[in-house]
Participant: 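Handing you this structure, nothing more for now.
To find a chain, count down the sequence lines: A is the first, B the second, and so on, and within it residues start at 1. Nothing here was measured: the structure is a model prediction, and the numbers come from that model.
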There are 2 protein chains.
Amino acid sequence: MTDLDFATCCDEHEIHECAITRARQALPAERQAQRLADVFKAMGDPTRLRIILALRAGELCVCDLAEVLNMSQSAVSHQLRVLRGLHLVRNRREGKEVLYSLDDDHVISMLAQAADHVRHTLETEE
Amino acid sequence: MTDLDFATCCDEHEIHECAITRARQALPAERQAQRLADVFKAMGDPTRLRIILALRAGELCVCDLAEVLNMSQSAVSHQLRVLRGLHLVRNRREGKEVLYSLDDDHVISMLAQAADHVRHTLETEE
DNA sequence: TATTCATATGAATGATTCCTCATATGTTCA
DNA sequence: TGAACATATGAGGAATCATTCATATGAATA
């Protein structure tokens, strides 16, 4: 490697070397980052997000959720499984029904922050 | 419609009718819900999430981001476009380079809440 | 115990998506 | 102006995903 290599930004430019190191340290551990992405991804599907939004009003059985979202019971059940796996929703059995509710207050906070962001950007967009 | 129709949960059971109405009112307008999902989905891709995480430490040019994430410049650029479209990141030109930074503090708050959730669930999971 | 209702799940498929490759755009400097 | 660098973008292909359909599990009730 010659000194000429230092001439370009992307290889070894000194100034950026420092920024790169700083940025690398800002990245969390692989496992946490992946799980973080999983959570956002789960909330990024319209069906799953609407499930979460609906559950803000209180617990609902699968059947009612399907009715609210106007979707098949099977489709809703499949997505509830994903949300359960990430501890975004919780369930309890009551006779034949299974009632779902939000698992964690963090979810509400995330929604609130995201809603603020969206409101803000939708306003300034037109 | 006979009274017998009220016997099942999923059709017209009175008790659930009320819960369904309540849940429906908890759903935001279609446009907002879709945009909300878009934001979460954007943050749900590992590459885009890592871009956001890296930018917490300060602005970076595309080339440095590619270096930090160990990905091609093209791949990073494609994802930056998505993030830009949702106002999650902002850019400014400085000579030949384009420097990217986080656009909105809400993003940081969302990350913090999600990280809390993940930390909490990862702990109690084993 | 047999039936009915509520939910869960496996397989299949159509749609979406992220990356790569090639190339275009935009900026600096000789 | 032309060459070199940094970034953006379009097309294409492999992988992922959300729904549907059929069926299994689990609980209540007659």
Participant: Indicate whether OP1 or OP2 belonging to D:dC17 is found under 4.0 Å from a side-chain N or O atom of A:Q79.
Facilitator: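 No.
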Participant: Are A:D116 and A:R119 close enough for a salt bridge, meaning some N to O gap below 4.0 Å?
Facilitator: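 A salt bridge is present here (some side-chain N lies under 4.0 Å from a carboxylate O).
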Participant: Expressed as a whole number of angstroms, how long is the span from B:R48:CZ to C:dT17:C1'?
Facilitator: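 Interatomic distance, CZ of B:R48 to C1' of C:dT17: 8 Å.
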Participant: For D:dT19 and A:T47 - does any side-chain N or O of the residue sit under 4.0 Å from the phosphate oxygens OP1/OP2?
Facilitator: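 It does, given that an N or O in the side chain of A:T47 lies less than 4.0 Å from OP1 or OP2 of D:dT19.
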Participant: What nucleotide, of C:dT7, D:dT7, C:dT16, holds the atom closest to the side chain of B:C63?
Facilitator: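 Minimum distance to the B:C63 side chain belongs to D:dT7.
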Participant: Could you state the interatomic distance from OG1 (A:T47) to CD1 (A:I52), rounded to the nearest 0.5 Å?
Facilitator: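 Between A:T47 OG1 and A:I52 CD1, I get 11.5 Å after rounding to 0.5 Å.
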Participant: If I take atom CG in residue B:L99 and atom C1' in nucleotide D:dT7, what distance separates them, rounded to the nearest angstrom?
Facilitator: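 In whole Å, D:dT7 C1' and B:L99 CG are 12 Å from each other.
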Participant: Let me know, please, whether B:R93 or B:V76 comes out on the 5' side of the other along DNA chain C by nearest nucleotide.
Facilitator: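 The residue closer to the strand's 5' end, by nearest nucleotide, is B:V76.
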Participant: Whole angstrom is fine here: how far is it from CG in A:N91 over to P in C:dA8?
Facilitator: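 Roughly 7 Å, once rounded to whole Å.
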Participant: Does B:R81 place a side-chain N or O at less than 4.0 Å from the phosphate oxygens OP1/OP2 of D:dT9?
Facilitator: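 Yes, because at least one side-chain N or O of B:R81 sits under 4.0 Å from OP1 or OP2 of D:dT9.
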Participant: Looking at A:S72, does any N or O in its side chain come under 4.0 Å of the phosphate oxygens OP1/OP2 on D:dT20?
Facilitator: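 So the side chain of A:S72 is within the cut-off, an N or O lying under 4.0 Å from OP1 or OP2 of D:dT20.
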Participant: What integer distance in Å separates A:K96:NZ from C:dT3:P?
Facilitator: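 Those two atoms, NZ and P, are 16 Å apart.
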Participant: Please walk me through it: do B:L111 and B:R56 pass side chain to side chain contact (heavy atoms under 4.5 Å, CB included)?
Facilitator: CA-CA 10 Å; B:L111 279 177; B:R56 283 186 307 175; 4.0 Å; yes
Participant: Between C:dT17 atom P and B:D45 atom CG, what is the distance in whole Å?
Facilitator: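 B:D45 atom CG is separated from C:dT17 atom P by 11 Å.
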Participant: Evaluate whether the aromatic ring of B:H78 and the six-membered ring of the D:dT9 base sit under 5.5 Å apart, centre to centre, with an inclination under 30°.
Facilitator: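 Yes, the aromatic ring of B:H78 stacks with the base.
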Participant: If every non-hydrogen atom of B:G58 is compared with every non-hydrogen atom of A:R22, which pair is closest and at what distance?
Facilitator: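 Between these two residues, the closest heavy atoms are CA-NH1, 4.2 Å.
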Participant: Within this structure, what is the CG-to-C1' distance between A:D64 and C:dT7, rounded to whole angstrom?
Facilitator: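 So the two atoms are 13 Å apart, to the nearest Å.
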Participant: Does B:Y100 make a side-chain N or O approach to OP1 or OP2 of D:dA6 shorter than 4.0 Å?
Facilitator: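 No, no such contact exists.
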Participant: Just the rounded figure in Å: distance from P of D:dC5 to CD of B:E97.
Facilitator: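 Taking CD of B:E97 and P of D:dC5, I get 13 Å after rounding.
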Participant: Is a side-chain donor or acceptor of A:R31 paired with a backbone partner of A:A33 at a separation under 3.5 angstrom?
Facilitator: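 Checking the backbone N and O of A:A33 against the side chain of A:R31, no donor-acceptor pair under 3.5 Å is found.
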Participant: How many Å lie between CD on A:Q73 and P on D:dA22, as a whole number?
Facilitator: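 Nearest whole value for this atom pair: 15 Å.
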Participant: Record whether the side chain of A:S74 comes under 3.5 Å of the base of D:dC21 through a donor-acceptor pair of N or O atoms.
Facilitator: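 Donor-acceptor pair under 3.5 Å: yes.
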Participant: For DNA chain D, whose closest nucleotide is more 5', that of A:M71 or that of A:G95?
Facilitator: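 The residue mapped nearer the 5' terminus is A:M71.
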